[in-house]
Amino acid sequence: IGQNYISVVVGEARRFPPIQVNITVGPPSKIVSTLGSTSLIGKAGDRFTLRTRVTDLGNNAIASVPIRWAVTRGTGTLQTTANTADSQGQAQNTITLGGVPGPVQVRASINDQVFVNFDLTVDVTVGNLAVVSGNGQSVFVNRPFDSPLVVLVTDQNNAPVSNISVGFTATGPVTLS
């Protein structure tokens, strides 16, 4: 990158004056994570700093490129939805994970074709499972129960947890649906 000279030689003896060329950085064509991993796991409320680098096809850093950030799946709050790559082509943003367990995806993009995704997971530690309703019912054979069995799942801080799978098993001649 910069000013260079190309020497032209034709045959073995015929030399021409050098040709001056100016090589510049190309347009932004790649944005990559500089974290070493784009898959992170944390608890609700945890904060992660996401880092990117913008380059041209020759892997030369490109400064002053606008970056758009968005949570494309799951829950989380970004510090900003837009910023600009610095002089080294780097940009960063912080996400605070939301309270819904499961996958979260953040996209950093230059445009619709040039982007990088960060995959995060909100993990939850189940603290308790409490029966809300439906316990202690009796019913005749081959008849449904009058009320569904409802349970409340809470985390270690006794806060309700949503979007978590709960399975039921039964002993004896019972069919669950």
Can you measure from OG (Ser29) to CG (Leu57) and round to the nearest 0.5 angstrom? 3.5 Å
Could you work out, with salt bridge (charged side-chain N to carboxylate O under 4.0 Å, His left out) as the rule, every residue matching Asp86, not counting sequence neighbours? none
With side chain to side chain donor-acceptor pair (under 3.5 Å) as the rule and sequence neighbours excluded, what pairs involving residues 127-136 come up? none
Counting C-beta onward and ignoring hydrogens, is there a side-chain heavy-atom pair between Val161 and Val126 closer than 4.5 Å? no
Which salt bridge (Lys or Arg N to Asp or Glu O under 4.0 Å) pairs, counting each pair once, include a residue from residues 155-177, with sequence neighbours left out? none
Residue pairs meeting salt bridge (Lys or Arg N to Asp or Glu O under 4.0 Å), one or both in residues 158-176, sequence neighbours left out, come to none
Can you list everything that forms a side chain to side chain contact (heavy atoms under 4.5 Å, CB included) with Val114? Sequence neighbours excluded, please. Ile31, Ile110, Asn111
Out of curiosity, Arg51 CZ to Phe118 CZ, how far, rounded to the nearest 0.5 Å? 10.0 Å
Is a side-chain donor or acceptor of Ser33 paired with a backbone partner of Leu35 at a separation under 3.5 angstrom? yes
Output every pair passing salt bridge (Lys or Arg N to Asp or Glu O under 4.0 Å) with a member in residues 166-177, not counting sequence neighbours, ordered by first then second residue. none
Salt bridge (charged side-chain N to carboxylate O under 4.0 Å, His left out) partners for Arg107, two or more places apart: none
Using 0.5 Å steps for rounding, measure from the CG atom of Leu50 to the CG atom of Leu120. 6.0 Å
List the atom pairs, with distances to 0.1 Å, where a side-chain N or O of residues 140-152 and a protein N or O form a donor-acceptor pair under 3.5 Å, not counting sequence neighbours.
none

Only pairs under 3.5 Å count here: list side-chain donor-acceptor contacts from residues 93-101, not counting sequence neighbours, and write none if there are none.
| from | atom 1 | to | atom 2 | distance (Å) |
| --- | --- | --- | --- | --- |
| Asn93 | OD1 | Gln79 | N | 3.4 |
| Asn93 | OD1 | Thr80 | N | 3.3 |
| Asn93 | ND2 | Thr80 | O | 2.6 |
| Thr94 | OG1 | Gln79 | OE1 | 3.4 |

For Asn60 and Asp56, which heavy atoms make the closest approach, and how far apart are they? N-OD1, 2.8 Å
Could you check Arg53 against Thr55 for side chain to side chain contact (heavy atoms under 4.5 Å, CB included), going step by step and ending with a plain yes or no? CA-CA 7 Å; Arg53 184 168 187 255; Thr55 64; 3.3 Å; yes
Looking at side-chain heavy atoms only, is the closest gap between Thr34 and Gln92 below 4.5 Å? no
What donor-acceptor contacts under 3.5 angstrom involve side-chain atoms of residues 61-75, with partners at least two apart or in another chain?
| from | atom 1 | to | atom 2 | distance (Å) |
| --- | --- | --- | --- | --- |
| Trp69 | NE1 | Asn83 | OD1 | 2.9 |
| Thr72 | OG1 | Gln105 | O | 3.3 |
| Thr72 | OG1 | Gln105 | OE1 | 3.0 |

Could you state the interatomic distance from OG1 (Thr77) to CZ (Arg47), rounded to the nearest 0.5 Å? 10.0 Å
Is it possible for you to say whether Val54 and Val32 belong to one hydrophobic cluster, with membership spreading through side-chain heavy-atom contacts below 4.5 Å? no
